[in-house]
Each structure stands twice: as structure tokens, then as C-alpha cells.
Amino acid sequence: AQTIHQWPVAEIKAVGSPLSLGCTIKGKSSPNLYWYWQATGGTLQQLFYSITVGQVESVVQLNLSASRPKDDQFILSTEKLLLSHSGFYLCAWSLWNYAEQFFGPGTRLTVL
Amino acid sequence: GQQVQQSPTSLVLQEGENAELQCNFSTSLNSMQWFYQRPGGSLISVFYNPSGTKQSGRLTSTTVIKERRSSLHISSSQITDSGTYLCALGLTFGLGTRVSVFP
């Protein structure tokens with residue numbers, strides 16, 4: 001069975017500090033991977049997607065970056081957090097573009 | 001770009017009532033999916049229903065691609081059905097329907 005983990009569960013960070021969020025998928029080879037962001041009370045906005053190791057496409061520029069260093073790992077990061085980065089970050093995977101998506105538990109980020 | 005619109009925005013139900021949530025989309029993409037989300041929680045896939053009708057327990061989803069719409073029917077609603085229901089066409093999400101079920 002496939003499992004998807006995200007870490008950390010929650011973070012409270014200061015404006016201007018760096019950030020790294022992680023996502024790992026087990027039990028599935030070469031999945032498509034996605035990062036989404038959800039502002040409090042808002043809908044999901046896709047940030048990045050990756051269809052293979054080392055390749056990441058940006059969908060929305062929010063002063064964030066993403067990398068896929070391993071087939072089963074997706075990292076979201078920034079060197080300088082903004083207040084507007086606060087929200088809920090979700091990682092998801094699918095077998096191919098527009099196939100059924102499966103989401104991780106999410107990371108709640110609060111920037112103060 | 002692709003658009004996904006959900007209605008109603010919110011719904012208040014008395015336990016036992018039925019409800020129908022709508023999702024309309026602007027392109028004929030074959031990848032409709034419905035999700036359930038509790039406040040502060042992650043997304044749980046309810047249906048992946050690119051076309052046709054699927055049923056699971058008290059939930060039924062019907063997608064008609066040529067009419068660019070999908071619906072989620074909740075029958076005999078329960079308090080535990082409360083939460084937000086999101087539809088997604090590919091990687092584009094609607095704003096959701098917030099469902100509140102009271103005894």
C-alpha cells in the first residue's frame with residue numbers, strides 16, 4: 001500500500017527565516033508529485049509539480065522553491081519567509097497527469 | 001484558464017436530510033475528483049469520477065462531461081458529514097461547499 005508522509009506536522013517561524021518542508025511517498029515508483037498551498041479559509045492552489053527526479057515545474061510564484069532529490073521525496077523551501085506564506089501546505093501524488101490524486105496529512109505553517 | 005465553480009457556497013442541514021452539491025467546470029477534462037476536508041485537516045478522496053455515476057454508502061457522484069458538470073449527493077445526512085467538500089478538475093480546485101449538519 002502507498003503511504004505519504006509530510007514533515008513537520010506544524011511550524012511556527014519568524015518572518016525572514018528559512019523554511020524546509022518535506023514529503024515522502026512510499027510504495028509507489030516514479031509518481032507525479034505536487035505541492036499545494038491553502039490559505040486559512042481559502043481553496044487549494046497548486047504551487048509545484050514534478051514528474052521525475054530532478055525536474056520540478058513552478059505553477060505559482062510565491063517566493064518558494066521546490067526540489068525532488070529522490071524519486072520518493074519532494075522538498076519545499078525558501079530562504080526568507082514572508083507573512084503571506086502562512087497556511088496549510090499539502091503534498092500529493094498521482095500515477096500520471098490528471099489521474100486520481102492522493103494527499104498527505106499536511107503541514108500547518110504560521111509565520112510571525 | 002481552467003475554471004471550477006462549486007455551489008452552493010455553504011449548506012446547513014438537519015440530520016437525515018438529503019443534499020446535492022454541484023461542480024461546474026469550463027473545460028472537458030476527464031479527471032473529476034471529489035474531496036472531503038475537515039477544518040484544519042487534509043483532503044480525503046471521496047470519489048474519483050471522471051464520468052458516469054459512482055456510489056459509496058450514502059454518497060453518490062455523477063459526472064456529465066459534455067455538460068461540464070459533476071454532482072455529489074449526500075443522502076440521510078449525519079453530523080459526521082459536516083465539513084468542506086471540494087471538487088477538482090485535474091489540478092484545479094473549486095472553492096468548496098461547507099456543509100453543516102445539525103441534530
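Below, chains carry the letters A, B, ... as their sequence lines are ordered, and counting in each starts from 1.
Between B:S42 and A:P105, the closest heavy-atom pair is CB-O, 3.6 Å. Heavy-atom minimum distance, A:Y98 versus B:Y48: O-OH, 3.0 Å.
Remark: B:L43 CG to A:F88 CZ distance equals 8.5 Å, nearest 0.5 Å. The distance from the CD atom of B:Q33 to the CZ atom of A:F102 is 7.0 Å, given to the nearest 0.5 Å. Summarising the geometry, atom OG1 belonging to A:T43 is positioned 8.5 Å from atom CD belonging to B:Q37; distances are rounded to the nearest 0.5 Å. From B:T92, atom OG1 reaches atom CD of A:Q45 across 10.5 Å, with rounding to the nearest 0.5 Å.
If you chain together hydrophobic residues whose side chains sit under 4.5 Å apart, A:V15 and A:L82 never meet in one group. One hydrophobic cluster, built from ILVMFWY side chains closer than 4.5 Å, holds both A:W35 and A:V59. Hydrophobic clustering, with ILVMFWY side chains joined whenever heavy atoms are under 4.5 angstrom apart, keeps B:L72 apart from B:V64. With hydrophobic clusters built from ILVMFWY side chains whose heavy atoms lie under 4.5 angstrom apart, A:I51 does not share a cluster with A:I75. The cluster map of Ile, Leu, Val, Met, Phe, Trp and Tyr, joined by side-chain heavy atoms under 4.5 Å apart, puts B:L11 and B:Y36 in the same cluster.
Counting non-hydrogen atoms of other residues, nucleotides and ligands closer than 6.0 Å to CZ of B:R98 gives a total of 12 or fewer. No more than 12 heavy atoms of other residues, nucleotides or ligands sit less than 6.0 Å from atom CD1 of A:I12. Residue-environment remark: CD (A:E79) stays at or below the threshold of 12 foreign heavy atoms within 6.0 Å.
Among B:P39, B:G96, B:S45, B:G40, the residue with the largest count of heavy-atom pairs under 4.5 Å with chain A is B:G40.
Side chain of B:S31 to main chain of A:A99: no donor-acceptor pair is present (N/O by atom type, distance under 3.5 Å, no hydrogens or angles).
Proximity to chain B (any heavy atom under 4.5 Å) is shown, for A:Q6, by neither the backbone nor the side chain. Within the 4.5 angstrom heavy-atom criterion, only side-chain atoms of A:Y36, from C-beta onward, approach chain B. In this structure, chain B has a heavy atom under 4.5 Å from the side chain of A:L90, while its backbone stays farther away.
Between A:Q101 and B:L91, some side-chain heavy-atom pair lies under the 4.5 Å cut-off.
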